Chemist: 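I have a structure I would like to understand better, so I am pasting it below and will then ask my questions one at a time.
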Amino acid sequence: MSKYTKYLFVLSVIVFLVSGKLSAQLTKGQLIDGIAAVIGDEIILESDIEDQANYAKQQGTNVGNKCEFMESILNNKLLIYEAKKDTLIENRSAAIKEMAGNKYNQILGQFPDEKAMLAAYKFRTSYEMKNAIEKIDADNYYGQQKYARITEKADVTPNEVTDFYNQFKFQLPNVKDEVSLSKISMYPKLSESHRKEIIDKLKKIKQDIKNGDSFENLARIYSEDEGSAAVGGLYKNINMGQMVKPFEAAALNLQEGDISDPVESEFGFHLIQLVKRNGKKYDARHILIKSTPNAEELTSAKKELDSIRTLILEKKITFKDAAYKYSDDKSNKFSAGIMTNNQDGSDKLEKLSLDPTISYQIAGLKKNDITDPFQQEDQQKRKMISIVQVNDIIDAHQLELATDYERIKDMALNKKKNEIVEKWVNAKIPSLFISLDNKYKDCNFHSNWQKNSVITTK
């Protein structure tokens, strides 16, 4: 396969956290220091190319030489530029803006405080970082949508799949050791005495605030929400639908300055203060005490899940039905408990990429075996008890038509899609204003990027 097909559209499938300096638009012919290229009014900064290349390398992607990687960026920017003019592509700016705040808080939860996060990602302010997240998500959305529009009618016949395989079989990647797994997970239920202990603690905190203590200071001391404790429990510009329903319902039933009674959600128990409400947005502080199960509650959940495992082994219920009936894991509860690959959505999981806890639990198991109940954590680090069934074991092997037809078909289809987009790019280039930095003048681009471009020097 050509190197072009490896890099085409690479930037639309991975998210980059870059500097967020792309808000300005340029007039034709205007270039400033640090700008690598301009396509229409879409700007590509040298710093973005460097950041994106570094991120891709960290993710294990071979970015090749500067010219190959630059062309992938140019292709993606053209898709974005044209997508924004395509009236058949839904404008999701508002929804993307809402999601940026959520993503910001998720990232913040991985750091001890906001200052550490901003330093790690090289942002000066939270506003700058949120804007960057929003812009990158928008770029990915528009790029993917335009790519899908251009290639929506693409298909491959069985003969084309066979021809693709015969032509490229020695270049196709080998399949690594894989497994297909299903999982049932349960969050341990808190005992009534434990629930009362947490609620009483929050009630005392509320009384302390009434007696003159600051909600903000007590949030810093007591809140277990890593995303907001350091800033006094404050979430600003919350959009309706952004927070879990119990939180939002309680917050929006308050008057500004009022504090709720303890409110339970899937994350634990909250004490909520409505700070300000402005139309469909609001600011709120909260103090979270997580529903962290104790040893007794964990043991009880293990016993309950072990009983379910026994029912499955005795064929009194299928794993699929048990997952639907008992699992608390919303990501696979309604799909027979099947665990899916985040990259391609398939049920084939590379062993080396498995969660270490799951990898340890399935070691030595055969097809259709089920693990004993074991403890793990979800993405929010909440403790849960799980069992995993091994549906299939796929040993490492070279791709073969007889056993890997669907994989090969997907590769052949992707190649055809990339060829369609390549033709589309070449047809669009002559009608565009393009400026390229002089450092790329000797690049042997696959498409005619230099033919109609203005080569600039600094």
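These figures come from a predicted structure and were not determined experimentally.
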Chemist: Answer yes or no: is there a side-chain heavy-atom contact under 4.5 Å between Gln145 and Asp86?
Modeler: no
Chemist: Nearest 0.5 Å, what's the CG-CD1 distance between Leu349 and Ile338?
Modeler: 10.5 Å
Chemist: Surrounding CD of Gln379 (heavy atoms of other residues, nucleotides or ligands, distance under 6.0 Å), is the total greater than 12?
Modeler: no
Chemist: Check the side chains of Asn91 and Ser93 for a donor-acceptor pair under 3.5 angstrom, ignoring hydrogens and angles.
Modeler: yes
Chemist: Are the side chain of Tyr147 and the backbone of Val421 linked by a donor-acceptor contact shorter than 3.5 Å?
Modeler: no
Chemist: Can you tell me how far apart CG (Asp328) and NZ (Lys333) are? Round to the nearest 0.5 Å.
Modeler: 6.5 Å
Chemist: When you compare the side chain of Met339 with that of Asn332, does any pair of heavy atoms fall below 4.5 Å?
Modeler: yes
Chemist: In a check of side-chain contact (heavy atoms from CB on, under 4.5 Å) between Glu82 and each of Ile150, Val425, Leu432, which one passes?
Modeler: Leu432
Chemist: Of all residues at least two apart in sequence or in a different chain, which pass the side-chain hydrogen bond (donor to acceptor under 3.5 Å, both in side chains) check with Thr340?
Modeler: none
Chemist: Is the NZ atom of Lys281 crowded by more than 12 outside heavy atoms at less than 6.0 Å?
Modeler: yes
Chemist: Just grab all the salt bridge (charged side-chain N to carboxylate O under 4.0 Å, His left out) pairs involving residues 170-185, residues at least two apart or on different chains.
Modeler: Glu178-Arg407, Lys183-Asp329
Chemist: Taking it one step at a time, do Asp321 and Tyr326 satisfy side chain to side chain donor-acceptor pair (under 3.5 Å)?
Modeler: CA-CA 8 Å; Asp321 290 340; Tyr326 299 110; over 6 Å; no
Chemist: Taking 4.0 angstrom as the limit, do Glu152 and Arg149 come out as a salt bridge?
Modeler: yes
Chemist: Do the non-hydrogen side-chain atoms of Tyr141 and Ile89 ever get within less than 4.5 Å of each other?
Modeler: yes
Chemist: Please find the pair of heavy atoms, one from Lys383 and one from Pro293, that lie closest to each other, and give the distance.
Modeler: CB-CG, 4.1 Å
Chemist: Give the C-alpha distance, both sets of side-chain angles, the deciding distance and a yes or no for side chain to side chain contact (heavy atoms under 4.5 Å, CB included) between Ser126 and Glu114.
Modeler: CA-CA 8 Å; Ser126 60; Glu114 192 171 44; 3.4 Å; yes
Chemist: Which pairs, with at least one residue in residues 229-252 and sequence neighbours excluded, count as a salt bridge (charged side-chain N to carboxylate O under 4.0 Å, His left out)?
Modeler: none
Chemist: Is the number of heavy atoms from other residues, nucleotides or ligands within 6.0 Å of CG (Asn278) greater than 12?
Modeler: no
Chemist: Without placing hydrogens or testing angles, list every side-chain donor-acceptor pair under 3.5 Å for residues 356-368, not counting sequence neighbours.
Modeler:
| residue | atom | partner | partner atom | Å |
| --- | --- | --- | --- | --- |
| Thr357 | OG1 | Asp355 | OD1 | 3.3 |

Chemist: Could you tell me which residues satisfy side-chain hydrogen bond (donor to acceptor under 3.5 Å, both in side chains) with Arg220, sequence neighbours excluded, listed by chain and number?
Modeler: Glu216
Chemist: Nearest 0.5 Å, what's the CG-SG distance between Asn444 and Cys67?
Modeler: 8.0 Å
Chemist: Under the side-chain hydrogen bond (donor to acceptor under 3.5 Å, both in side chains) test, which residues partner Ser223, sequence neighbours left out?
Modeler: none
Chemist: Could you pull out all residues at least two apart from Lys97 that satisfy salt bridge (Lys or Arg N to Asp or Glu O under 4.0 Å)?
Modeler: Glu134
Chemist: Under the rule for ring pair (Phe, Tyr, Trp, His ring centres under 6.0 Å), what residues qualify as partners of Tyr142, not counting sequence neighbours?
Modeler: none
Chemist: Applying ring-ring contact (aromatic ring centres under 6.0 Å, His included), which residue pairs with at least one partner in residues 73-95 are found, sequence neighbours left out?
Modeler: none
Chemist: Using every non-hydrogen atom in the two residues, find where Ala37 and Leu74 come nearest and quote the distance to one decimal.
Modeler: CB-CD2, 3.9 Å
Chemist: Ignoring hydrogens and geometry, is there a side-chain-to-backbone donor-acceptor pair from Glu71 to Ser447 under 3.5 Å?
Modeler: yes
Chemist: Tell me, please, which residues at least two apart from Arg382 pass side-chain hydrogen bond (donor to acceptor under 3.5 Å, both in side chains).
Modeler: Tyr187, Asp378
Chemist: Got more than 12 heavy atoms from elsewhere within 6.0 Å of CG, Asn342?
Modeler: no
Chemist: Has Gln242 got a side-chain atom pairing as donor or acceptor with Ile238's backbone, closer than 3.5 angstrom?
Modeler: no
Chemist: Check whether any side-chain heavy atom of Arg309 sits under 4.5 Å from a side-chain heavy atom of Asp372, and report yes or no.
Modeler: yes
Chemist: With sequence neighbours excluded, what pairs up with Tyr324 under the side chain to side chain contact (heavy atoms under 4.5 Å, CB included) test?
Modeler: Phe334
Chemist: Under a 4.5 Å cut-off applied to non-hydrogen side-chain atoms, are Ile39 and Trp449 in contact?
Modeler: yes
Chemist: Working to the nearest 0.5 Å, report the span between CD of Glu422 and NZ of Lys415.
Modeler: 9.0 Å
Chemist: Would you list the pairs meeting disulfide (SG to SG under 2.5 Å) in which at least one residue belongs to residues 125-156, sequence neighbours left out?
Modeler: none
Chemist: Output the distance between atom OG1 (Thr292) and atom CD (Glu224), rounded to the nearest 0.5 Å.
Modeler: 5.5 Å
Chemist: So Phe269 and Ile287, do their side chains get closer than 4.5 Å, heavy atoms only?
Modeler: no
Chemist: Within a radius of less than 6.0 Å around NZ of Lys84, do more than 12 heavy atoms belonging to other residues, nucleotides or ligands occur?
Modeler: yes
Chemist: Taking atom CG of Asn75 and atom CG of Asn418, what is their separation to the nearest 0.5 Å?
Modeler: 9.5 Å
Chemist: Does some side-chain heavy atom of Val388 sit less than 4.5 Å from a side-chain heavy atom of Phe374?
Modeler: yes
Chemist: Determine, for Asp139 against Lys77, whether the closest basic-nitrogen to carboxylate-oxygen distance falls under 4.0 angstrom.
Modeler: yes
Chemist: Could you tell me whether the side chain of Lys441 reaches within less than 4.5 Å of the side chain of Leu436, counting heavy atoms only?
Modeler: no
Chemist: Is the His286 ring parallel, tilted or perpendicular to the Tyr235 ring (thresholds 30°, 60°)?
Modeler: tilted
